[in-house]
Amino acid sequence: MASVGNPVQILVPRSRLSSLYLSSNKKSCTALPNSVLIKNRSVVSRISHLAFSPLPENRIFSSAPTDFTVKNSRFSGLNSLLRRHRSSEFVVVSAASAADADGGEIGASDRLSTPSKSFSEKYPALITGFFFFMWYFLNVIFNILNKKVYNYFPYPYFVSVVHLLVGVVYCLISWGVGLPKRAPIDKNLLVLLTPVAFCHALGHVMSNVSFAAVAVSFTHTIKALEPFFNASASQFVLGQQIPLALWLSLAPVVIGVSMASLTELSFNWTGFISAMISNIAFTYRSIYSKKAMTGMDSTNVYAYISIIALFFCIPPAILIEGPKLMQYGFSDAIAKVGFVKFLSDLFWIGMFYHLYNQLATNTLERVAPLTHAVGNVLKRVFVIGFSIVVFGNKISAQTGIGTAIAIAGVAIYSLIKANMEQQKRGFAISFEYRAH
């Protein structure tokens, strides 16, 4: 180890400094840029193991020389030096030339630079808009393809199993490649998610029974009553007080659905009752979901719910439709469209079902409650409109007016509820701020 004369000058990269406090004094320095010049008036005969603990990354540099006063700093091998002389001068200059002075020993990883923003960080609104578009697009495609399958394969219990089965396989493959990484599940979480999955399975099967029995537009009109069931459950099951304004906003929903149902050309009691049961099931799914809130991300939660729901859907499909499927159900479908198209249709309705639900969850996480409410209403309008155009369903004037009134009522209800949630959230944040 070489001896050091007086004064001592040591070049140290800035990223190696730690526990130093800057002062605003100015000192000139002719040393190399981006280096630290340590000057001391003593002679040190031997210095070994000069080391600095890493300094937290700082991306803002000043080109002006800066004075440091060091007290009680931990420099291995310089403790005796620092005890003798209370202050040492450190001049910090630009970082690029220190690498040149060290013969390029400081690599690119040691050079601190501001990273460029990703595309999603630069244009968040554009990304959110794309999420909404894909959510609507996949939802419309699913509803149209799903109804076409029912036209030649009217077995909603089995089709419901296919929806979930394809989604579960998709989730397992995604976990296998680590996109996303599978979150662990324990017994307590399984107990919390099981009621949610049961309600999800029941609501999903009943929706498909309704889709198979009546027009897609009529099923979605009935399902517009879901906010009414949510409000009723919150008031009478959870004991939450629902404001009068919310109840009044639900009146157009009930009136509009009633008008549409009375003159709907495809009306039958199976489709109507199934859609109503679906509303009740999804209402209780929301209630149990609130009780099962965990730190797990939505993608993993939905994957686990799909897996559990699949086990609930398989037994009724076997008991109710199994004998018919084995006798003539599969053979009739294959005779009508062919084996390859039949399998292809089943696969794609399952894939679109899972993707639109997953994308809906991811989309709604990116937006405020108000945008969430508007998005849900617009989605239902899109589905009803496209299904009428694609299938050419004839609707009476009263059905059209009733559907429009119901959708308007859902929009008013959603906007009022979203504003209430934002006010509650703002109050909670304000209270927490004052408490601190």
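- With M206 as the partner, the side-chain contact (heavy atoms from CB on, under 4.5 Å) test is satisfied by one option alone out of I277, N279, I280: I277.
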Exercise for the section: Could you walk me through whether D186 and L190 pass side chain to side chain contact (heavy atoms under 4.5 Å, CB included), step by step? Expected result: CA-CA 6 Å; D186 55 20; L190 183 63; over 6 Å; no

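- Crowding of F382 atom CZ: a count of heavy atoms from other residues, nucleotides or ligands under 6.0 Å not exceeding 12.
- Side chains of N268 and F272 form no contact here, defined as non-hydrogen atoms less than 4.5 Å apart.
- Residues passing the side-chain contact (heavy atoms from CB on, under 4.5 Å) test with D332, sequence neighbours excluded: Y328.
- Using a 4.5 Å heavy-atom threshold, the side chains of V205 and V161 count as separate.
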Practice task
Starting from the C-alpha separation in whole Å, work towards a yes-or-no answer on side chain to side chain contact (heavy atoms under 4.5 Å, CB included) for Y288 and C199.
Solution key: CA-CA 9 Å; Y288 287 118; C199 293; 3.9 Å; yes

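- A distance of 11.0 Å separates CD1 of I305 from CG of N300, quoted to the nearest 0.5 Å.
- The aromatic ring centres of H204 and Y353 sit less than 6.0 Å apart.
- One distance of note links CG of N146 with CG of N208; it measures 5.5 Å at 0.5 Å rounding.
- Applying the salt bridge (Lys or Arg N to Asp or Glu O under 4.0 Å) rule to K181 yields no partners; only residues at least two apart in sequence or on another chain are considered.
- How far CD1 of I308 is from OG1 of T194: 4.5 Å, rounded to the nearest 0.5 Å.
- You'll find the side chain of Y150 reaches within 4.5 Å of the side chain of P156, heavy atoms only.
- Rounded to the nearest 0.5 angstrom, S344 OG and M351 CE are separated by 11.5 Å.
- A distance of 11.0 Å separates NE2 of H220 from CD1 of I388, quoted to the nearest 0.5 Å.
- Checked against the 6.0 Å centroid criterion, the rings of F153 and F342 qualify as a close aromatic pair.
- Open room surrounds CZ on F228; 12 or fewer heavy atoms of other groups in view lie less than 6.0 Å from it.
- Contact annotation: the side chain of P227 approaches that of L250 to within less than 4.5 Å [non-hydrogen atoms, C-beta and beyond].
- The six-membered or imidazole ring of F158 lies near that of F330, with a centre-to-centre distance under 6.0 Å.
- Between the side chains of S207 and K223, a donor-acceptor pair is found at a separation under 3.5 Å.
- Checking side-chain atoms of Q235 against main-chain N and O of Q241 turns up no donor-acceptor pair under 3.5 Å.
- The shortest side-chain heavy-atom distance between N357 and Y302 falls under the 4.5 Å cut-off.
- A donor-acceptor contact closer than 3.5 angstrom is absent between the side chains of H354 and H163.
- The nearest pair of heavy atoms linking V214 to K147 is O-NZ, 2.9 Å.
- The closest donor-acceptor contact from the side chain of S217 to the backbone of I384 lies at 3.5 Å or more, if one exists at all.
- In this structure the side chain of N143 reaches within 4.5 angstrom of the side chain of F211, judged on heavy atoms.
- A 4.5 Å side-chain heavy-atom check between F229 and M276 finds at least one atom pair inside the cut-off.
- Once rounded to the nearest 0.5 Å, the distance linking CG of N151 with NZ of K336 reads 9.0 Å.
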Problem - Residues Y304, W175; criterion ring-ring contact (aromatic ring centres under 6.0 Å, His included); working and verdict - result: CA-CA 12 Å; Y304 282 120; W175 280 341; 5.1 Å; yes

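- By the neighbour-count criterion of 12 heavy atoms within 6.0 Å, atom CH2 of W348 is sparsely surrounded, having that number or fewer from other residues, nucleotides or ligands.
- The minimum heavy-atom distance between F347 and V166, with the atom names listed, is O-CG1, 3.9 Å.
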